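Right, one structure below, let's go through it.
Just so it is clear: chains get the letters A, B, ... in the order the sequence lines come, proteins before strands, and each one is counted from 1. Since the model is a prediction, treat every value here as computed from it, not as a measurement.
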2 protein chains.
Amino acid sequence: MTPPSEATPAGRADRSDMRPAPATGMPVVERSSARKAQLVAAARHLLETEGVEAVTIRRLGAAVGMRGPSLYKHVPDKSAIEAAVAIEGLTELSEVVRGVPATFTDVSHAYRTWALAHPHLYRLLNKHPVDRSRVPPELEDRAADPLIVATGGDRDLARAAWATINGLIELELARRFPPDTDVDAVYSAAARAFDTARAD
Amino acid sequence: MTPPSEATPAGRADRSDMRPAPATGMPVVERSSARKAQLVAAARHLLETEGVEAVTIRRLGAAVGMRGPSLYKHVPDKSAIEAAVAIEGLTELSEVVRGVPATFTDVSHAYRTWALAHPHLYRLLNKHPVDRSRVPPELEDRAADPLIVATGGDRDLARAAWATINGLIELELARRFPPDTDVDAVYSAAARAFDTARAD
DNA sequence: ACTCCTAGCTAACAGTGATAGCCGATGTCG
DNA sequence: CGACATCGGCTATCACTGTTAGCTAGGAGT
């Protein structure tokens with residue numbers, strides 16, 4: 001499927017008029033990381049619209065107008081792109097809970113809404129250990145803070161709540177709930193559990 | 001890596017003395033499903049000892065003494081083997097909570113212990129929707145019952161507890177908890193939440 | 001004894017990530 | 001201005017994946 005994507009049939013010929021302003025004056029890292037950003041964006045688009053097995057080196061290349069192997073001129077390997085996409089997702093996810101009331105109900109609702117809007121991306125986040133060396137350390141903290149507040153400063157309870165939200169979302173995305181499940185009611189039940197635990 | 005596994009170098013030659021008693025008198029389905037059971041066992045062993053990317057059609061064939069493509073004489077495709085392994089895991093997991101006290105603490109501990117003993121298998125369970133047509137319907141019920149009891153009959157709360165346990169395990173297996181996390185304490189906090197919610 | 005089917009085999013295909021090596025264009029420097 | 005190095009494409013290729021096609025040895029049944 002998908003012929004070479006019409007991006008200059010063979011030979012490189014007229015590359016000059018399809019390059020989106022290579023900006024020859026920019027420092028090397030900038031030029032290169034512009035391409036990288038383009039790749040990450042394409043990877044994310046592919047992931048979100050067609051699922052994880054659609055994001056392939058060759059399709060990624062086609063999406064940015066090159067030939068697959070050429071990707072390796074910009075990126076060490078595929079996992080680097082995946083990691084970048086994951087970090088992007090993690091960043092957005094952490095921003096989604098900023099400004100919402102520090103309540104289990106509200107935080108879980110915010111997470112859930114985002115996850116249902118970006119299911120493939122969300123599942124990508126849960127696949128890898130999230131290599132803490134690459135992610136800005138304040139990111140996960142910022143995502144965790146509202147739950148810590150919601151649990152009255154109990155970090156263990158906050159982590160349990162985090163696990164619960166993650167578990168709820170994962171089960172819903174993987175369609176593991178029994179067909180008759182009222183997922184909203186399950187969220188409410190979880191909220192009850194964690195709200196009363198805080199009072200305790 | 002891994003030369004053809006020394007299972008009769010080339011040509012099929014002396015198959016007769018390596019076949020584990022083909023039992024020529026058995027009905028066809030029995031013979032075939034014996035091989036299938038052997039395959040599932042090999043797949044599980046490969047999965048548990050070397051992880052999911054090690055379970056490969058060719059390696060699976062080598063493990064049972066045949067050549068890869070020959071697997072398709074016994075099984076429609078790879079996913080069927082995966083599904084069978086998953087059902088096996090699900091069955092064991094459901095048996096693990098039989099007989100433990102119907103408490104969040106005990107149930108979650110039982111799940112966690114099993115999951116840590118079979119991490120790759122556990123993660124396999126969470127990957128697919130668990131195709132309910134293939135799994136005996138009483139299985140998931142039986143696994144769910146203790147939690148329903150533990151939550152005083154509140155099915156929604158039971159499902160929330162299930163999501164919590166799943167989430168806790170998944171986070172631990174994926175090493176997503178911050179390095180300083182006291183996982184036991186997180187379990188205790190979750191138990192507190194769900195125990196007090198039941199009283200509520 | 002003849003036939004048929006089971007269950008193995010090899011060869012091959014399309015697709016995966018990744019590497020090697022070629023080369024045109026570009027920017028830099030003597 | 002010309003030599004030259006680097007950058008960023010390309011093709012060919014590799015090892016590997018799941019899967020299909022087609023061959024055939026040998027046991028089972030008539």
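One atom, OH of B:Y72, and another, P of D:dT19, lie 3 Å apart when rounded to the nearest Å. Protein atom NZ of A:K73 is 11 Å distant from nucleotide atom C1' of D:dT6, rounded to whole Å. In this entry the distance linking CG of A:L71 with P of C:dG17 reads 10 Å, nearest Å. Between the P atom of D:dT19 and the CG atom of B:L60 lies a distance of 12 Å, rounded to the nearest Å. Distance A:R59 CZ to C:dG17 P: 11 Å, rounded to the nearest Å. Regarding A:K78, its NZ atom lies at a distance of 14 Å from the P atom of C:dT19, rounded to whole Å. Atom CG of B:D77 and atom C1' of D:dT20 are 13 Å apart (whole Å).
A sub-4.0 Å separation between OP1 or OP2 of D:dG9 and a side-chain N or O of A:H74 is present. Using a 4.0 Å cut-off, some side-chain N or O of A:R35 falls inside it from OP1 or OP2 of D:dG9. OP1 or OP2 of C:dT10 has at least one side-chain nitrogen or oxygen of B:R67 nearer than 4.0 Å.
Atom CZ of A:R155 sits in a sparse spot, with 12 or fewer heavy atoms from other residues, nucleotides or ligands closer than 6.0 Å. Atom NE2 of A:H118 sits in a crowded spot, with more than 12 heavy atoms from other residues, nucleotides or ligands closer than 6.0 Å.
Paired with B:F104 under the rule side-chain contact (heavy atoms from CB on, under 4.5 Å), one option of B:T151, B:T164, B:L157 passes, and it is B:T164. Of the residues B:I57, B:L39, B:L60, B:V40, the one that meets the side-chain contact (heavy atoms from CB on, under 4.5 Å) test with B:V75 is B:L39.
A donor-acceptor contact under 3.5 Å is formed by the side chain of A:R58 with the base of C:dG17.
Distance from the side chain of B:M66 is smallest to C:dG8 among D:dT11, C:dG8, C:dT10.
Near-neighbour residues of DNA chain C inside residues 47-57 of chain A, defined by a heavy atom below 4.0 Å, number-ordered: A:V55, A:T56, A:I57.
Contacts of A:Y187 classified as ring pair (Phe, Tyr, Trp, His ring centres under 6.0 Å), with partners at least two apart in sequence or in another chain: none. Under the ring pair (Phe, Tyr, Trp, His ring centres under 6.0 Å) criterion, B:H109 pairs with no residue at all, not counting sequence neighbours.
Although no hydrogens or angles enter the test, the distance criterion places a donor-acceptor pair under 3.5 Å between the side chain of B:K78 and the main chain of B:V55.
Heavy-atom distances to DNA chain D give each of A:S70 and B:G68 a nearest nucleotide, and the one nearer the 5′ end belongs to A:S70.
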